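Before any comments, here is the structure.
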Amino acid sequence: MSTESKGTALVTGASSGIGEIYAERLADRGHDLILVARRLDRLEALARKLTERTGRKVDVLQADLTLRSDLAKVEARLASDTSITLLINNAGISLEGSILENSAEKIEKILAINTVAPSVLSAVAAQHFVARNNGGIINIASVLAFAPEMMDGIYSGTKAHLLNLTLGLASKLQGTHVRAQAVLPGATKTEIWENSGKDPEALLPGMVMETADLVDAALLGYDRGEVVTIPPLHDESQYEAYNNARIAMGPNLSRKDVAPRYRA
Ligand code: NAP
């Protein structure tokens, strides 16, 4: 147990799955913690466990990130607590069924949790971290950002949003000591599957990663200074080729003249 803190990490969705393992690993690394989610009993049990094991200070902040008033509580904490050096935007849900089966209410809910909350919290954190020239923002996206056909366009769209948010943020943060990382898990063994009526066992054998393996790999990517970390992708050159093709299109994407193929 060390008494010196490496700064406080605020982890959303820390009551289960990937967020819970991030909380464990960050406490082990010497961070104090603020754990955010709706299930207070789970957050409090985790806080007690981590404080006993590591001696770190662990606060809980109950918030339903679909509610503007609760999101404002998290924003206020990020803005006022100068010990915070790391934000993990991890809370997220998946849709049961596709765009053809979901109501407007369900679609608004997933957008609120998966895109509005992490965008707002990234902005508040980035503004304060830049003012102090220190900090990091980790956004838990998904490999589905690259594969809208594999599940549904709404969930994957929220994850593409987080990837874009992180790439854009990282470019704005160049020259500062503030970092941004997007983590793109593939299928990972957590409650999100049963909570959205899906069975991960129905996927092909070898497709589902253990949660601890995912988080340990993602933290290694963070330590290496990666902006985009894709723990399940073995052939890194595939992402590099995709990203280089995307960047190469950049200078050609806005022109006064219509492309010849669209001229009548
Ligand atoms: P999980 O175990 O279901 O965890 C989701 C977390 O989000 C829980 O802590 C939950 O806490 C929190 N949450 C849900 N709704 C919330 C709300 N309205 N307000 C506040 N917190 C809320 O699933 P997970 O797999 O660890 O998911 C974590 C992240 O990984 C998500 O962003 C997910 O999209 C992403 N991801 C997962 C996989 C995978 O296969 N597991 C793959 C790619 C990406 P409460 O219910 O207590 O509020």
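Both ligands and their constituent atoms are indexed starting at 1 by order of listing. Sequence positions, counted from 1, serve as the residue numbers for this chain. Given the structure is predicted, the values throughout are model-derived calculations rather than measurements.
Look at Glu96 and Lys106 and you find no salt bridge, because none of the NZ, NE, NH1 or NH2 atoms lies under 4.0 Å from a carboxylate O. A salt bridge is absent between Glu4 and Lys57: the closest approach of a Lys/Arg side-chain nitrogen to an acidic carboxylate oxygen does not fall below 4.0 angstrom.
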Which side-chain N or O atoms in residues 127-137 pair as donor and acceptor under 3.5 Å with protein atoms at least two apart or in another chain?
residue	atom	partner	partner atom	Å
His128	ND1	Val124	O	3.0
Arg132	NH2	Ile84	O	2.9
Asn133	OD1	His177	N	2.8
Asn133	ND2	His177	ND1	3.3

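A side chain to side chain contact (heavy atoms under 4.5 Å, CB included) with Ile34 is found for one member of Leu87, Thr12, Leu61 and no other, namely Leu61.
Note that CG of Leu162 and CG of Asn114 are 7.0 Å apart. Values are rounded to the nearest 0.5 Å. Note that OH of Tyr22 and CD1 of Ile140 are 4.0 Å apart. Values are rounded to the nearest 0.5 Å.
For ligand 1, the protein residues within 4.0 angstrom (heavy atoms only) are Gly13, Ala14, Ser15, Ser16, Gly17, Ile18, Ala37, Arg38, Arg39, Ala63, Asp64, Leu65, Thr66, Asn90, Ala91, Gly92, Ile93, Ile113, Ile140, Ala141, Ser142, Tyr155, Lys159, Pro185, Gly186, Ala187, Thr188, Thr190, Glu191, Ile192, Trp193, Asn195.
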